[in-house]
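Here's the structure we're looking at; comments come further down.
Atom set for the values below is all heavy atoms of this structure, side chains included, hydrogens, waters and symmetry mates excluded. Each chain gets a letter, A, B and so on, in the order the sequences are listed, and its residues count up from 1.
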Amino acid sequence: AQTVTQSQPEMSVQEAETVTLSCTYDTSESNYYLFWYKQPPSRQMILVIRQEAYKQQNATENRFSVNFQKAAKSFSLKISDSQLGDTAMYFCAFMPWDNDMRFGAGTRLTVKP
Amino acid sequence: GAVVSQHPSRVICKSGTSVKIECRSLDFQATTMFWYRQFPKKSLMLMATSNEGSKATYEQGVEKDKFLINHASLTLSTLTVTSAHPEDSSFYICSANSGRANNEQFFGPGTRLTVL
């Protein structure tokens, strides 16, 4: 069974600073997807960034980037130039080819003005 | 982008009654839909995977007879909580697979169920 671990229940960062959220996972699969989702107080799940395991290049989306270390089974999210609107729960998720997505416990990020 | 809706957004019911939650993909056909449950300040837990025209696949520990899932069309899946009890109170979220090569899932806005 696949597991996803987010070891940081809560984090905070000053506005405009950079923060990194950690995620590790356990799987015997070789092909899979990894995701970071943002869940603001509205509870709507919003896709932040996606990484295909077969791609060595780290995914980037504007201020969001990942550090994907396949051998170490690590998938951290870096948020640059943090904004107040980034305050939310962040979930790391793993999905093998069969589409059953598994989520980590989440990290509550607070961006302070 | 693809849009998934859920109805209702909030529902309050009495213990012992049944509640139906709808999940619709508005601008794409979804061969697979997923139902999650989220307790306060907790993560999303997959309850079941719903494929159009076939029986849902339930995760271990999820009661099939209590959480009835129907995926009658490529744009609609329903979750019915039967004989609801207060411990069924939770936030229920659905997602739909777009069928694209990247297997992206799109999430609905969720339904908050409160059982009195």
query: Measuring heavy-atom distances to chain A, does B/Leu46 have an atom under 4.5 Å in its side chain, in its backbone, in both, or in neither?
result: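 The side chain, not the backbone.
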field: Under 4.5 Å from a heavy atom of chain A, the part of B/Glu59 involved
entry: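 Contact with chain A involves the side chain of B/Glu59 alone.
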Over all atoms of both residues, closest heavy-atom pair of B/Ser43 and A/Ala105: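 Heavy atoms of B/Ser43 and A/Ala105 come nearest at CB-CA, 3.9 Å.
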- prompt: Looking only at atom types and distance, does a side-chain atom of A/Gln44 sit under 3.5 Å from a main-chain N or O of B/Phe107, one as donor and one as acceptor?
  reply: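 It does hold such a pair.
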[X], [atom1] atom: more than 12 neighbouring heavy atoms under 6.0 Å:
{"X": "A/Asn62", "atom1": "CG", "result": "no"}
{"X": "A/Lys70", "atom1": "NZ", "result": "yes"}
{"X": "B/Lys42", "atom1": "NZ", "result": "no"}
{"X": "B/Glu87", "atom1": "CD", "result": "yes"}
{"X": "A/Met11", "atom1": "CE", "result": "yes"}

Contacting moiety of A/Phe91, where chain B heavy atoms sit under 4.5 Å: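 The side chain, not the backbone.
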- request: Under 4.5 Å heavy-atom distance to chain B, tell me which part of A/Met89 shows up: side chain, backbone, both or neither.
  value: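 Contact with chain B: none, neither part.
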same_hphob_cluster([X], [Y]) at 4.5 Å side-chain heavy-atom cutoff:
{"X": "B/Tyr36", "Y": "B/Tyr58", "result": "no"}
{"X": "B/Met33", "Y": "B/Phe67", "result": "no"}
{"X": "A/Val19", "Y": "A/Phe68", "result": "yes"}

query: What is the distance from atom CD of B/Gln105 to atom CG of A/Leu47, rounded to the nearest 0.5 Å?
result: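 B/Gln105 CD to A/Leu47 CG: 10.5 Å, rounded to 0.5 Å.
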Atom pair CZ (B/Phe91) and CD (A/Gln39), whose distance is rounded to the nearest 0.5 Å: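 Output value for this atom pair is 6.5 Å.
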- request: Count the heavy-atom pairs under 4.5 Å between each of B/Ser95, B/Pro109, B/Gly110 and chain A, then report the option with the highest count.
  value: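 Heavy-atom pairs under 4.5 Å are most numerous for B/Pro109.
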- request: For B/Ile93 and A/Arg43, run side-chain contact (heavy atoms from CB on, under 4.5 Å): C-alpha distance rounded to whole Å, both residues' side-chain angles, the deciding distance at 0.1 Å, then the answer.
  value: CA-CA 9 Å; B/Ile93 303 175; A/Arg43 307 292 291 271; 5.8 Å; no
message: Are the side chains of A/Met101 and B/Phe34 in contact, using a 4.5 Å heavy-atom criterion?
response: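 They are not in contact (no side-chain heavy atoms under 4.5 Å apart), so the answer is no.
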